[in-house]
Amino acid sequence: MDFRHVLSTTQFQDRGLLHQLFLLADEMERNNKDHRLFQSLQGKVMATLFYEPSTRTRFSFESAMHRLGGRVVTTESATQFSSVTKGETLEDTIRILGTYVDVIVLRHFEKGSAARAAKISNVPVINAGDGTGEHPTQSLLDMYTIYREKGNIDGLTITLMGDLLYGRTIHSLLNLLVVFDGIHVNLVSPKELALPEEYKKILSDHHVSFDEFERVDSVLDKTDVLYVTRVQKERFASLEEYDRVKNCCIVDQNTLEKLPHDAIIMHPLPRVNEIAPAVDADPRAAYFRQAANGLYMRMALLELLFGRKSLHQKSLTAKVST
Ligand code: NCD
């Protein structure tokens with residue numbers, strides 16, 4: 001087994017690699033619809049080790065593994081149902097799991113935890129969200145969604161709205177947006193939830209133009225992709241601080257009226273009250289299609305990492321190994 005980990009979207013800053021993943025995800029969807037069985041991961045076992053709650057990420061990873069012929073062992077709440085309750089460290093848990101399985105999908109509440117796990121793991125670790133750090137596989141499916149919905153990513157104006165401070169899906173997405181040409185980014189949030197400097201630097205280092213706003217209204221008519229995030233309640237020091245900003249960024253009928261007819265609205269989900277249910281019926285509401293794409297993108301990723309090694313071996317070794 002090669003030592004390959006998926007920790008950050010910086011490993012995927014390659015148009016060719018992204019395009020290959022998009023095509024493979026398309027193929028996965030076609031094959032699923034035709035009920036064609038894959039066996040490329042037969043004999044492999046995945047552990048999904050989640051220290052934070054998840055619906056889409058865990059179920060889509062597990063379904064992806066099953067659909068590729070592999071098997072899954074899981075703990076859906078590792079803080080409660082693993083030896084962590086007895087005081088075991090993440091490192092020890094990873095060491096042990098590595099003797100039972102072929103790949104570990106890890107979600108943890110600490111930024112940098114996936115890298116910590118990868119350092120001592122003898123099987124690949126896939127970061128399924130590390131605190132306020134990154135969520136690379138979410139960003140891959142987000143980019144795939146933009147590619148499917150818009151046809152082309154170059155030249156788009158992307159408006160990121162909501163909790164830009166704590167939202168790890170935003171942090172990861174920036175690394176992939178900068179790979180494309182002529183992107184303009186609007187950052188919309190209250191001051192308290194502004195994007196940290198370290199992430200703004202990703203944009204400036206890649207000469208991607210961006211503007212910051214506290215309200216979305218003035219940029220809606222120029223937006224191609226409106227990417228909304230949940231205010232991350234679990235990251236706040238106090239409930240009062242959360243309450244002050246929880247309704248900062250709402251998508252409703254008024255938003256729909258100003259948004260171009262060919263724009264799309266994305267959200268990694270879960271939504272709390274950022275998007276009114278009435279918006280769901282609008283064809284521009286892409287968030288449920290986005291969640292569905294997660295299965296195909298995660299199948300594509302697993303296939304590329306463990307199945308068809310020969311396809312892109314050189315690039316993967318260069319880009320995905322740590
Ligand atoms: C996101 C996450 O966990 O970071 N959800 C997801 O994986 N689809 C976003 C969130 O929790 O708000």
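What you see is a predicted model; the values in this text were computed from it and never measured. Atoms within each ligand, like the ligands themselves, are counted from 1 in listed order.
- When only interatomic distances are considered, the shortest N/O to N/O separation between Pro270 and ligand 1 does not fall below 3.5 Å.
- Residue Arg107 approaches ligand 1 through these ligand atoms, each under 4.0 Å from one of its heavy atoms: 3 (O), 7 (O).
- Atoms of ligand 1 lying under 4.0 Å from at least one heavy atom of Thr57, given by number and element, are 6 (C), 7 (O).
- Using a 4.0 Å cut-off between charged nitrogen and carboxylate oxygen, Lys222 and Asp211 do not count as a salt-bridge pair.
- Close approach of ligand 1 to Leu269 (heavy-atom distance below 4.0 Å) involves ligand atoms 1 (C), 5 (N), 6 (C), 8 (N), 9 (C).
- Crowding of Arg56 atom CZ: a count of heavy atoms from other residues, nucleotides or ligands under 6.0 Å exceeding 12.
- Close contacts of ligand 1 with Gln232, meaning ligand atoms under 4.0 Å from a residue heavy atom, involve 10 (C), 12 (O).
- Aromatic ring orientation, Tyr199 versus His171: parallel (interplanar angle below 30°, classes split at 30° and 60°).
- Nearest protein neighbour of atom 7 (O) of ligand 1, counting heavy atoms only, is His135 NE2, 2.8 Å.
- In this structure, Tyr100 places its OH atom where only 12 or fewer heavy-atom neighbours from other residues, nucleotides or ligands lie under 6.0 Å away.
- Below 3.5 Å of separation, one finds no N or O of Glu234 facing any N or O of ligand 1.
- Note: Glu110 CD to Glu52 CD = 10.0 Å, rounded to the nearest 0.5 Å.
- Looking at Glu52 against ligand 1, nothing comes within 4.0 Å, counting heavy atoms.
- By the 30° and 60° cut-offs, the orientation of the rings of Phe22 relative to Tyr147 is parallel.
- Remark: Arg289 CZ is packed, more than 12 non-hydrogen atoms of other residues, nucleotides or ligands lying under 6.0 Å away.
- Atom 11 (O) of ligand 1 has its closest protein heavy atom at Arg230 NH2, 3.0 Å.
- At least one N or O atom of Arg168 sits closer than 3.5 Å to an N or O atom of ligand 1.
- At least one heavy atom of Pro268 sits under 4.0 Å from some atom of ligand 1.
- Judged by distance alone, with hydrogens and angles left aside, the side-chain atoms of Glu134 form no donor-acceptor pair with the main-chain N or O of Leu7 at under 3.5 Å.
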